[in-house]
Amino acid sequence: MDWNSRNAKFNALINQLFHGKGWNNRANAALELGLLKDARAVNLLCRALQSERDPGVLNNIIEALGRIGDPKATLRIIEKLKEEINHFKNNRMQFDKLKVIIIIESLKKIKDKRALPFISYFLNSPVEELKILSEQAFDTIEPDWRTIIDKEREEKSIQDIFKVNL
């Protein structure tokens with residue numbers, strides 16, 4: 001695909017993401033933007049992440065940001081993870097396991113250490129799948145995380161070790 005046709009497709013997908021009729025069109029646009037892996041989409045996907053309300057579209061936006069892999073998206077994705085952590089703490093019935101899985105997978109692909117304190121919440125999760133996925137994310141983002149924790153655990157929690165508070 002030449003640059004002009006790729007650019008036209010990119011612009012059409014961005015337009016569909018923000019103005020598409022129906023959640024399915026917006027979700028497909030987000031998914032395709034992720035498949036393009038065009039870093040120009042990151043800021044626009046982050047903006048859509050803040051304004052979108054449909055859970056399916058949100059999941060596809062988060063997945064697309066992970067596929068692109070730009071650390072500029074980390075903080076916006078972390079905001080969504082914080083929301084899910086709060087749902088989990090306050091009312092497990094509102095907790096969206098699929099969204100958490102997609103978020104952790106995306107953060108794992110981005111490989112930004114700023115995500116570790118938030119992913120660490122699920123290292124001791126009663127949901128085995130989330131626990132394993134969190135460990136895999138830590139292995140990818142900070143391969144020596146177990147050593148770091150062992151050295152510092154006597155004095156600090158995991159969140160304190162990586163210097164970010166919920």
Side-chain angles (χ1 to χ4, degrees), residues 1-85 87-88 95-123 125 127 129-145 148 162-164 166:
M1 185 182 309
D2 70 334
W3 184 84
N4 286 332
S5 59
R6 184 175 168 91
N7 196 42
K9 181 176 182 174
F10 174 84
N11 290 333
L13 290 171
I14 292 296
N15 187 39
Q16 187 175 356
L17 178 66
F18 285 100
H19 306 293
K21 293 189 173 149
W23 68 269
N24 198 27
N25 289 334
R26 296 190 314 275
N28 287 336
L31 186 63
E32 286 190 50
L33 284 166
L35 293 172
L36 284 178
K37 295 184 178 182
D38 190 330
R40 294 180 299 164
V42 172
N43 288 337
L44 293 165
L45 284 166
C46 286
R47 191 168 56 145
L49 188 62
Q50 291 179 307
S51 63
E52 183 61 52
R53 295 293 165 239
D54 186 271
V57 179
L58 285 170
N59 288 347
N60 281 9
I61 291 170
I62 293 166
E63 187 177 343
L65 288 166
R67 284 180 191 257
I68 295 169
D70 192 322
K72 289 191 294 187
T74 302
L75 297 178
R76 296 291 170 247
I77 296 172
I78 286 172
E79 287 174 6
K80 294 301 178 185
L81 183 57
K82 284 180 180 177
E83 289 174 13
E84 291 306 316
I85 290 170
H87 289 312
F88 188 75
F95 169 66
D96 187 346
K97 179 179 156 188
L98 176 61
K99 183 180 279 184
V100 172
I101 290 170
I102 291 169
I103 289 171
I104 294 173
E105 285 286 350
S106 293
L107 291 170
K108 181 171 110 174
K109 290 175 185 173
I110 293 172
K111 299 180 183 178
D112 189 335
K113 290 182 182 182
R114 295 177 294 177
L116 293 177
F118 304 97
I119 296 171
S120 72
Y121 180 80
F122 297 98
L123 286 172
S125 174
V127 181
E129 187 176 4
L130 293 177
K131 182 178 179 179
I132 291 168
L133 183 58
S134 297
E135 289 175 357
Q136 291 171 351
F138 264 76
D139 288 337
T140 301
I141 297 169
E142 179 61 73
D144 295 328
W145 70 276
I148 293 168
F162 292 101
K163 311 226 184 322
V164 177
L166 293 173

Of the non-hydrogen atoms in [X] and [Y], which two are nearest, and what is the gap between them?
X	Y	result
Ile14	Leu44	CD1-CD1, 3.7 Å
Ala73	Cys46	CA-SG, 3.8 Å
Ser120	Pro117	OG-O, 2.5 Å
Ser134	Ile119	OG-O, 3.7 Å
Leu17	Ala30	CD1-CB, 4.0 Å
Ile101	Glu129	CD1-OE2, 3.5 Å

Starting at [atom1] of [X], measure out to [atom2] of [Y] and round the result to the nearest 0.5 Å.
X	Y	atom1	atom2	answer
Thr140	Glu105	OG1	CD	9.0 Å
Phe10	Ser5	CZ	OG	14.0 Å
Asp96	Leu58	CG	CG	9.5 Å
Phe138	Leu116	CZ	CG	4.5 Å
Ile141	Asp139	CD1	CG	10.0 Å
Leu65	Thr74	CG	OG1	9.5 Å

Look only at the side chain of [X] and the backbone of [Y], and say whether a donor-acceptor pair between them is shorter than 3.5 Å.
X	Y	answer
Ser125	Phe122	no
Asp112	Ala115	no
Arg6	Leu36	yes
Asp38	Ala41	no
Glu63	Ser106	no
Asn25	Lys21	yes

* With Ile68, which of Leu33, Leu35, Val42 fulfils side-chain contact (heavy atoms from CB on, under 4.5 Å)? -> Val42
* For Ile103, which of Asn59, Ile62, Ile78 qualifies under side-chain contact (heavy atoms from CB on, under 4.5 Å)? -> Ile62
* **Ionic contact status for Glu32 with Lys9, cut-off 4.0 Å** => yes
* Asked: Salt-bridged, Glu79 to Lys82, with N to O below 4.0 Å?
  -> no
* Arg26 NZ/CZ over Phe18 ring centroid, <6.0 Å and within 45° of normal -> no
* Heavy-atom distance under 4.5 Å between the side chains of Arg114 and Pro71, does that happen here? -> yes
* side chain to side chain contact (heavy atoms under 4.5 Å, CB included) between Leu81 and Leu107, intermediate numbers included -> CA-CA 10 Å; Leu81 183 57; Leu107 291 170; 4.1 Å; yes
* Between Arg40 and Asn7, is a side-chain hydrogen bond (donor to acceptor under 3.5 Å, both in side chains) present by the stated rule, with each step listed? -> CA-CA 10 Å; Arg40 294 180 299 164; Asn7 196 42; 2.6 Å; yes
